> 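Structure in structure tokens, see below.
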Amino acid sequence: MRIQKLPHQFQSAKVILQRIQDAGFEAYFVGGCVRDTLLGVPLHDVDIATSAYPQEVKQLFKKTIDTGIEHGTVTVMDHGRAYEITTFRTESAYQDFRRPDKVEFVRSLAEDLKRRDLTINALAMDVNGQVIDLFAGLADLKNRVIRAVGDPHERFHEDALRMMRTVRFASKLDFKVEDSTLAAIAENAELLQKIAVERIYVEWTKLLLGKNPQRGLAAFFKTGLYQYCPLFFDKGKVLKQLLQFPAFTLQTEEGAWTLFCFLSGLSLRTATKLLKAWKSSNEMLKTVQKTLRILQIEQEKKLTSWDEYQAGLDCLLYANEAATVMGKGKNAAAIAQHYERLPIKTRHELAINGGDLLHFLAIKPSPYIGQLLDQLERAVVSGQLPNERQVLLQAAVTAQQNHLE
Ligand SMILES: Nc1ccn([C@@H]2O[C@H](COP(=O)(O)OP(=O)(O)OP(=O)(O)O)[C@@H](O)[C@H]2O)c(=O)n1
């Protein structure tokens, strides 16, 4: 098969391929860029594989960077653009299920492709757009199937993360996982424990944000792979619940994590424990806490202005994203409009500050000033007082008098 019209990302890279070929070596586009071109989806990067050894690649170009030279990767800089070029390689004996003991450079494209994870990722394309398909990846793309290259057990033993990649691609592309590939995940699932949490995290969030998360989640659940993710051993029930909702998509990692925590019935404390076990960023942690709080409050009562103010618009929208999956979503524009009506959005917008209070009340700094400011902030947000300097100062005086009595 020949692809007639290549996306623009390939145009400048073709010159690089041609230069390698002119020197007597083979060079191809490989991996995700070929898959995504065939699927007609936007590409993020273009990977090049070659029969030239790293030193040979370096001799062909003026400016190169040794990005991962021991693994065969050299970055070529050309007209301000960077191209990652990796020598064809095979990998011998994976004793730790995550990285090869030894990378061996080879001259054969077939040797290189056969150690790749999935048939749809084992396609190569030459400079003219001709696709090289040694493992029936084109048929799998057409039939929307995720299948390991060759023996799935071998592929998953080479790199156990590939099991997460498999379920993530099922979600991302809305493809079915082929039976023997699925069975091999079920059999090897516990190997996932060998993989760094950070790498599992990336695949898990890509799974949740895919085109059909339920497809990935079904495979994740059915194979038992989930049990080897941090603190997920008892999350089978939540996964089942997610599978029972009508088809959904999620746009944000924040919304996805909050949904998962909420369905798990986690408190703010246990949600924090979960996210920490997943080594989530502190920023993500704080956002999920605020968003989860909103969902919990909404379970009991209508949100007050103060609840909305404390959450902020982003978290209100993340909460709505999660609520939508559960069939309780509202109109996002209406949520934004309602939020915009809040008299202030942050404490900085309050017409007075701590300094004003100290000065006006002629008192020494103390925690009382903070409490007073909190009271005034709450009163303004909930509409009991206008955000006007004179009114707030007067209210402060009255509050102080009551405080003293
Ligand atoms: N554990 C892995 C990771 C990657 N690959 C191979 O390396 C290529 C590039 O990997 P990567 O950039 O991580 O993924 P993509 O397939 O490009 O997909 P995406 O960009 O969506 O992550 C893959 O296509 C696949 O051929 C593999 O065989 N095993």
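Remember, it's 1-based here, ligands and their atoms both numbered in the order they're listed. Everything numeric in this text was worked out from a predicted model, so none of it was measured.
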> Heavy-atom count check: over 12 atoms from other residues, nucleotides or ligands less than 6.0 Å from R347 CZ?
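Buried by this count: over 12 neighbours within 6.0 Å.
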> Provide, to 0.1 Å, the distance between atom 22 (O) of ligand 1 and the closest protein heavy atom, together with that atom's residue and name.
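That would be R168 NH2, 2.9 Å.
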> Return the residue, atom name and 0.1 Å-rounded distance of the protein heavy atom closest to atom 20 (O) of ligand 1.
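For atom 20 (O) of ligand 1, the nearest protein heavy atom is H44 CE1, 2.6 Å.
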> Considering distance alone, does some N or O of R116 sit under 3.5 Å from an N or O of ligand 1?
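Indeed, backbone or side chain, R116 has an N or O that close.
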> Specify the protein heavy atom at minimum distance from atom 16 (O) of ligand 1: its residue, its atom name, and the distance to 0.1 Å.
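The answer is R35 NH1, 2.9 Å.
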> Could you tell me, atom by atom, which parts of ligand 1 come under 4.0 Å of a heavy atom of K206?
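Counting atoms of ligand 1 from 1, those under 4.0 Å from K206 are 22 (O).
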> Under 6.0 Å from the six-membered ring centre of F156 and within 45° of its axis: does the NZ or CZ of R165 meet both?
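Output no; distance or angle outside limits.
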> Name the closest protein heavy atom to atom 29 (N) of ligand 1, giving the residue it belongs to and the distance to 0.1 Å.
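Result: R162 NE, 3.0 Å.
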> What distance separates K172 NZ from E203 CD, expressed to the nearest 0.5 Å?
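With rounding to 0.5 Å, NZ (K172) is 9.5 Å from CD (E203).
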> If you take the centroid of each ring, where Trp contributes its six-membered ring, are W257 and Y318 closer together than 6.0 Å?
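No, they do not, as the ring centres are separated by 6.0 Å or more.
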> Under a 4.0 angstrom heavy-atom cut-off, which atoms of ligand 1 come close to D159?
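Taking each heavy atom of D159 in turn, ligand 1 has 1 (N) under 4.0 Å.
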> Would R389 and D356 pass as an ion pair if we require N to O under 4.0 Å?
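Here R389 pairs with D356 in a salt bridge, since their nearest N and O are under 4.0 Å apart.
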> Just jot down the ligand 1 atoms closer than 4.0 angstrom to any heavy atom of K172, in number order.
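Result: 21 (O).
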> State the atoms of ligand 1, each with its element, that fall below the 4.0 Å cut-off from a heavy-atom position in G32.
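Per the distance check, 16 (O), 17 (O), 24 (O).
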> Please check if the distance between the ring centroids of F169 and F175 is under 6.0 Å.
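Not close enough - the centres of the two rings lie 6.0 Å or further apart.
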> Which of the atoms in ligand 1, numbered in the order shown and given with their element, are less than 4.0 Å from a heavy-atom of G31?
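Here the atoms of ligand 1 in question are 24 (O).
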> Are W204 and Y201, when compared by the centres of their aromatic rings, separated by less than 6.0 Å?
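No - the distance between ring centres of W204 and Y201 does not fall below the 6.0 Å cut-off.
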> Can you report which non-hydrogen protein atom sits closest to atom 12 (O) of ligand 1, along with the distance?
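The protein heavy atom lying closest is D47 OD2, 4.4 Å.
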> Using distance alone, decide if ligand 1 has a nitrogen or oxygen within less than 3.5 Å of any nitrogen or oxygen in R199.
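R199 vs ligand 1: no N/O contact under 3.5 Å.
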> Which option out of V30, D117, L173 puts a heavy atom nearest to atom 25 (C) of ligand 1?
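It is D117 whose heavy atom sits nearest to atom 25 (C) of ligand 1.
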> Hey, do the aromatic rings of F221 and Y226 have their centres closer than 6.0 Å?
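So the answer is yes for these two rings.
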> Ring centroids only, cut at 6.0 angstrom: are F232 and W278 within range, meaning strictly under it?
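F232 vs W278: aromatic centres under 6.0 Å.
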> Please list the nearest protein heavy atom to atom 10 (O) of ligand 1 with its residue and the distance rounded to 0.1 Å.
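Its nearest protein heavy-atom neighbour is R165 NH2, 3.9 Å.
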> For ligand 1, note which part of E203 has a heavy atom under 4.0 Å away: side chain, backbone, both or neither.
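Near ligand 1, E203 shows nothing, with every heavy atom at 4.0 Å or more.
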> To the nearest 0.5 Å, what is the distance between OG1 (T272) and CG (L285)?
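Answer for the OG1-CG pair, T272 versus L285, is 5.0 Å.
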> For ligand 1, note which part of F156 has a heavy atom under 4.0 Å away: side chain, backbone, both or neither.
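Near ligand 1, F156 shows nothing, with every heavy atom at 4.0 Å or more.
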